[in-house]
Trainee: 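One structure is given below, represented as structure tokens, and several questions about it will come after.
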Amino acid sequence: MFKNLISALVFAALLSGGGSNLIAPLSAKDIEIDGKVNGVLLEAPSPVKPFELKDQNNSPFTLNSLKGKWSLLFLGFTHCPDICPFTLSNLDAVRVELSQRLTPEKLPRIIFLAVDPERDEKLLKDYVKHFGLDFTGITGPRAEIDNLVKSLDGFYRLEKKHDKDDAYTVTHSAAIALINPAGEVVAKISPPMPPYNTANYLFGLISQTKTGL
Amino acid sequence: MKPDYKGNSMKVAMMKNFKSRVSQFLLALMVVTSATIAHSAEEGAVKTQAKSTTAMESLQASEIWSPETPPHIKSSAIYLKLKNMSAAPLTITGISSPQFAMVHFHKTITENGMSKMEPVHSLTLAAKQEIEFKPGNMHIMLMGAKNTFKVGDKIPIELQTIKGQKFEFSAIVKKRSFPSQNHSNMQGGK
């Protein structure tokens, strides 16, 4: 029920461009209006439930790995020709901007959740390396991916036309989840993300949150 | 009189559907002699223009690039500006590349927080209309790469209109960079 409410809020906010009065708008006062941030703040932080995946180096990546650090988590697939690489390079640009506002320990890491493990697993290491040094790729068994996707209130669907189809695309959530060091989703942002304004938006959220970090 | 197709047998073979020899000849001329490719010194400003002095379809492709892909990834995209230079609408129904198993016009649609891709089977440009293909929006989707491409490589593309006219151009593989916020192309959706 609570979950539904949150998703309804996120949905409404995405439709209205973040203008709903239930959702904290970005603080416009210190933002140069040059690119809208599609950011929504959840009414209350939504805890990520336990999951067990592996990172690109084959090391375990679990709920515990999310704790103690801010994260920006994006869901996609390595064979994605357009929006995933675009979003990852966009996130990198946001992170570069953010690095000028936040201390390194508060700077969120970028996590790419690859939801197409059959094709993604063996490519993930090179994929991650291609997009940036400080960037984590995670994937694993379908059920564990689904656990995490559910916690993010996300969605994906492999658009396989038949069993042997290996050129399929994947429909997936566009939003990037901002996860706090307690392992809770606090906000979502959607591409395209103007780096400067998005960095200001995230800076506002991260610097105001009392999480000990 | 039979036109001399020597050296262009592949292109000619692709036109076997056309009944009229005259139009075959004109098309062959069109493809072989009229497609001019001008490389400017500035990287990325490659312009390909196929023109004809007759009332034939004319299409201009510019700023044609393809982002460098991560290792072993066989799918990619091409971004460009495509302008119908003719005074009549032009419909593109076919797109292919000898370097890829599958090439489609595709559109990434992000709505209700969901990103999906939809194939665009035919693309009509009104007279003088220009369409911008850009990340997160319209793109030429490339699937099943037969080679690996590095920065500076060229990916050949052929478009075919509903009237059977063909246009060839190539995209330069470039390093992906995210435009700064003040860049006018920053905002998607327009």
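Proteins get letters first, then strands, A, B, ... in listed order; numbering begins at 1 in each. Bear in mind the structure is a predicted one, so any value in this text is a computation, not a measurement.
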Trainee: Taking C-beta and beyond as the side chain, do C80(A) and M117(B) meet within less than 4.5 Å on heavy atoms?
Mentor: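 No - every pair of side-chain heavy atoms lies 4.5 Å or more apart.
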Trainee: So what's closer than 4.5 Å to chain A heavy atoms on H72(B): side chain, backbone, both or neither?
Mentor: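 Both the backbone and the side chain of H72(B) come within 4.5 Å of chain A.
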Trainee: Take atom NZ in K160(A); do more than 12 heavy atoms of anything else shown fall under 6.0 Å from it?
Mentor: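 Check passes, neighbour count above 12.
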Trainee: Side-chain contact, heavy-atom cut-off 4.5 Å: P70(B) with L123(A)?
Mentor: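 Counting from C-beta outward, P70(B) and L123(A) never come under 4.5 Å.
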Trainee: Most heavy-atom pairs under 4.5 angstrom with chain B, which of T78(A), D82(A), I83(A)?
Mentor: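 Most heavy-atom pairs under 4.5 Å with chain B: D82(A).
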Trainee: Could you grab the distance from atom CZ of F86(A) to atom NZ of K134(B), nearest 0.5 Å is fine?
Mentor: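 So the gap between those two atoms works out to 9.0 Å.
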Trainee: D126(A) side chain to P71(B) main-chain N or O, any donor-acceptor pair under 3.5 Å?
Mentor: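 No; judged by distance alone, with no hydrogens or angles, the pair does not exist.
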Trainee: Counting only heavy atoms from other residues, nucleotides and ligands, does the tally under 6.0 Å from CD of E130(B) exceed 12?
Mentor: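 Correct, the count exceeds 12.
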Trainee: With only heavy atoms counted, which part of S76(B) is less than 4.5 Å from chain A, the side chain, the backbone, both or neither?
Mentor: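 Just its backbone gets close to chain A.
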Trainee: Can you tell me how far the CD atom of E118(B) sits from the OG1 atom of T171(A), to the nearest 0.5 Å?
Mentor: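 Taking CD in E118(B) and OG1 in T171(A), the distance rounds to 8.5 Å.
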Trainee: Can you tell me if NZ on K175(B) sees more than 12 non-hydrogen neighbours from other groups inside 6.0 Å?
Mentor: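 No, the 6.0 Å shell around NZ holds no more than 12 heavy atoms from other groups.
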Trainee: Out of R119(A), H172(A), H79(A), return the one with the most heavy atom pairs under 4.5 angstrom to chain B.
Mentor: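 Maximum pair count with chain B is reached by H172(A).
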Trainee: In Å, rounded to the nearest 0.5 Å, how long is the span from CG of L88(A) to CZ of R176(B)?
Mentor: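 Answer rounded to 0.5 Å: 8.5 Å.
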Trainee: If you count heavy atoms of other groups shown closer than 6.0 angstrom to NZ of K146(B), is the number above 12?
Mentor: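 Buried by this count: over 12 neighbours within 6.0 Å.
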Trainee: Among M141(B), H139(B), M143(B), which residue forms the greatest number of heavy-atom pairs with chain A at distances under 4.5 Å?
Mentor: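 If we count pairs closer than 4.5 Å to chain A, H139(B) comes out on top.
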Trainee: What part of E68(B) gets within 4.5 angstrom of chain A, counting heavy atoms only: side chain, backbone, both, or neither?
Mentor: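 Contact with chain A involves both backbone and side-chain atoms of E68(B).
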Trainee: When rounded to the nearest 0.5 angstrom, what is the spacing between CE in M114(B) and OH in Y156(A)?
Mentor: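 Result: 13.0 Å between the selected atoms.
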Trainee: If I take atom NE2 from residue H130(A) and atom OG1 from residue T69(B), how far apart are they, to the nearest 0.5 angstrom?
Mentor: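 One gets 6.5 Å once the value is rounded to the nearest 0.5 Å.
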